[in-house]
Amino acid sequence: MHFQLDPDTVAYRDEVRRHLAQAMTPEFEERIYRTGVSHDDDFAKGLVDEGYFAPRWPVEFGGQNRGAWDEQVLREELMRTDAPMYLSETTRMVASIIRAVGTPTMKDRILGGAMKGDITIALGFTEPECGSDVAAATTRAVRDGDFWIINGSKMFTTNGHIADYVFLLARTSPDKPKHKGLTMFLVPLDSDGFEAQGVWTLSGERTNITFYSDVRISDEWRIGDVDAGWHVLGMSLQDEHASGWGPHITRLLHHVEQWAATTPAEDGSPQLTKTDVRRRIARVAMEDEVSRLLLRRCIWMTETGQTPFAEGPMSKVFSTEALVRASQDIAEMVGPDGVRSYFEPTAPEGGRFEHLMRFSLGTTIYAGTSEVQRSIIAQRGLGLPR
Ligand SMILES: Cc1cc2nc3c(=O)[nH]c(=O)nc-3n(C[C@H](O)[C@H](O)[C@H](O)COP(=O)(O)OP(=O)(O)OC[C@H]3O[C@@H](n4cnc5c(N)ncnc54)[C@H](O)[C@@H]3O)c2cc1C
């Protein structure tokens, strides 16, 4: 087992870095920050043009046949630069599921457009009354000949106000056990009866509560068999749970190193010379390294034919909780200036310390909360009972 990148992957990573350095201008970053929307059409199309949308996909589907490590460094760089990539990620995730289980008609309609950046897809799993226990979904889809009538509401449908479709979890058989009465649909968001209302999180991210009032869609928009939704959904949850957030720690480390090298302490010498500063920065560096290795272990396992059932959640829990720890520790060290916000010209490192502290909290919630991830580790990794 080795986690060093080979020279080709390093060259690919450098290419990605060059592209992002050009695309992520300060003006662009500020616009993204002000809207709170984790997507920008031109930026996403730029990724598509460079072949960065789904580099691992086969060439015949518009990919580049690249390996898992190339895809991994791409994801690391996008996260490290805080690029607005969430809608591209959810689109790619759902496109992969359609590629695996979609009908030929669905593949024809969606895959080409998604690969060109012309079609985007948001995720509609969570409801106002259920998130972790997502199988308790109550949004109903009732069959009406060749159509389905959908009624209900979903919480946290991030990008639901701008996406073309939502990958929707709906209850089709309320009389069956909860995991066995669910079906997945791809709902066109220009359908009558759909509405998205903005919700802003602590970190300023825009997400949505979405309403479905007699939304009528053709059966052609069903993904997988009727009542087989839990299986189809599992394909995307596995993808989400195997994530790691370490590159945001790398970002924090970069900013704090820069701050320490350029900011004088009370005696006039750089902060970098102070023991407490060095101690805290070293701690962030260690957690950054462990987060990276835990994530790369998942890639290595996937590459060698293993499924990181417990290792994915380990990577997610560790990296997100380390990000919370590290961002709070650094804000405390920087002092009152550290909580100056993004728009204040005098904020150190452009206000990244304050923003990272707020941003970090959400990372322990979405894609499965820390508590839920710990249960998965206990059951699937350690074989403990439910
Ligand atoms: C910014 C943001 C973006 C999001 N984007 C999307 C999106 O695009 N699409 C989408 O569908 N969802 C999205 N989500 C929803 C996210 O997946 C849920 O918030 C998450 O799954 C938790 O569900 P919940 O909020 O209903 O909390 P709950 O499930 O109600 O949990 C509340 C608390 O109870 C704990 N808890 C719950 N069950 C257990 C258990 N069995 N054992 C121990 N503790 C437990 C949780 O850990 C948590 O601390 C997003 C969330 C956020 C914050």
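Not measured: the values here are computed from a predicted model. Both ligands and their constituent atoms are indexed starting at 1 by order of listing.
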task: For Thr158, counting its heavy atoms only, list the atoms of ligand 1 lying under 4.0 Å from any of them.
output: 3 (C), 4 (C), 5 (N), 6 (C), 7 (C), 8 (O)
- request: Indicate yes or no: does Asp227 engage Arg171 in a salt bridge with an N to O separation below 4.0 Å.
  value: no
- prompt: What atoms of ligand 1 come closer than 4.0 angstrom to any heavy atom of Thr369?
  reply: 22 (C), 46 (C), 47 (O)
N or O pair under 3.5 Å between Cys130 and ligand 1: no
field: Part of Thr207 within contact of ligand 1 (heavy atoms, under 4.0 Å)
entry: neither
statement: Residues Ile365 and Lys316: closest non-hydrogen pair is N-NZ, 4.1 Å
task: Please report the shortest heavy-atom distance between Ile209 and Val199, naming the atom on each side.
output: N-CG2, 3.8 Å
- request: Pull out every atom of ligand 1 sitting under 4.0 Å from any heavy atom of Leu123, numbered as shown with elements.
  value: 7 (C), 8 (O), 9 (N), 10 (C), 11 (O)
field: Ion pair check, Glu311 and Arg380, cut-off under 4.0 Å
entry: no
statement: Hits for ring-ring contact (aromatic ring centres under 6.0 Å, His included) against Phe211, two or more places apart or cross-chain, chain-then-number order -> none
task: Taking atom types as modelled, find out whether Asp267 and Ser269 have a side-chain donor-acceptor pair closer than 3.5 angstrom.
output: yes
query: Counting heavy atoms only, which of Tyr366, Tyr86, Phe125, Phe359 comes nearest to atom 52 (C) of ligand 1?
result: Tyr366
task: Could you walk me through whether His248 and Phe359 pass ring-ring contact (aromatic ring centres under 6.0 Å, His included), step by step?
output: CA-CA 10 Å; His248 288 290; Phe359 169 80; 4.7 Å; yes
- prompt: Which ligand 1 atoms are under 4.0 Å away from a heavy-atom of Ile365?
  reply: 19 (O), 20 (C)
message: Check this for me - ligand 1, Thr126, N or O atoms closer than 3.5 angstrom, yes or no?
response: yes
- prompt: Quick one: does NZ or CZ of Arg222 land under 6.0 Å from the six-membered ring centre of Phe185, within 45 degrees of the ring axis?
  reply: no
message: Does any N or O of ligand 1 fall below 3.5 Å from an N or O anywhere on Met155, backbone included?
response: no
- request: Look only at interatomic distance and state if Phe156 has a nitrogen or oxygen under 3.5 Å from any nitrogen or oxygen of ligand 1.
  value: yes
message: Does any N or O of ligand 1 fall below 3.5 Å from an N or O anywhere on Ser132, backbone included?
response: yes
- request: Using a strict 4.0 Å cut-off to heavy atoms of Glu371, name the atoms of ligand 1 that fall inside it.
  value: 43 (C), 44 (N), 46 (C), 47 (O), 49 (O)
message: Does ligand 1 come near enough to Glu205 that some N or O of the ligand is less than 3.5 Å from an N or O of the residue?
response: no
- prompt: In ligand 1, which numbered atoms sit nearer than 4.0 Å to a non-hydrogen atom of Thr201?
  reply: 1 (C)
message: I'd like to know if Arg325 and Asp329 make a salt bridge, using a cut-off of under 4.0 Å between side-chain N and carboxylate O.
response: no
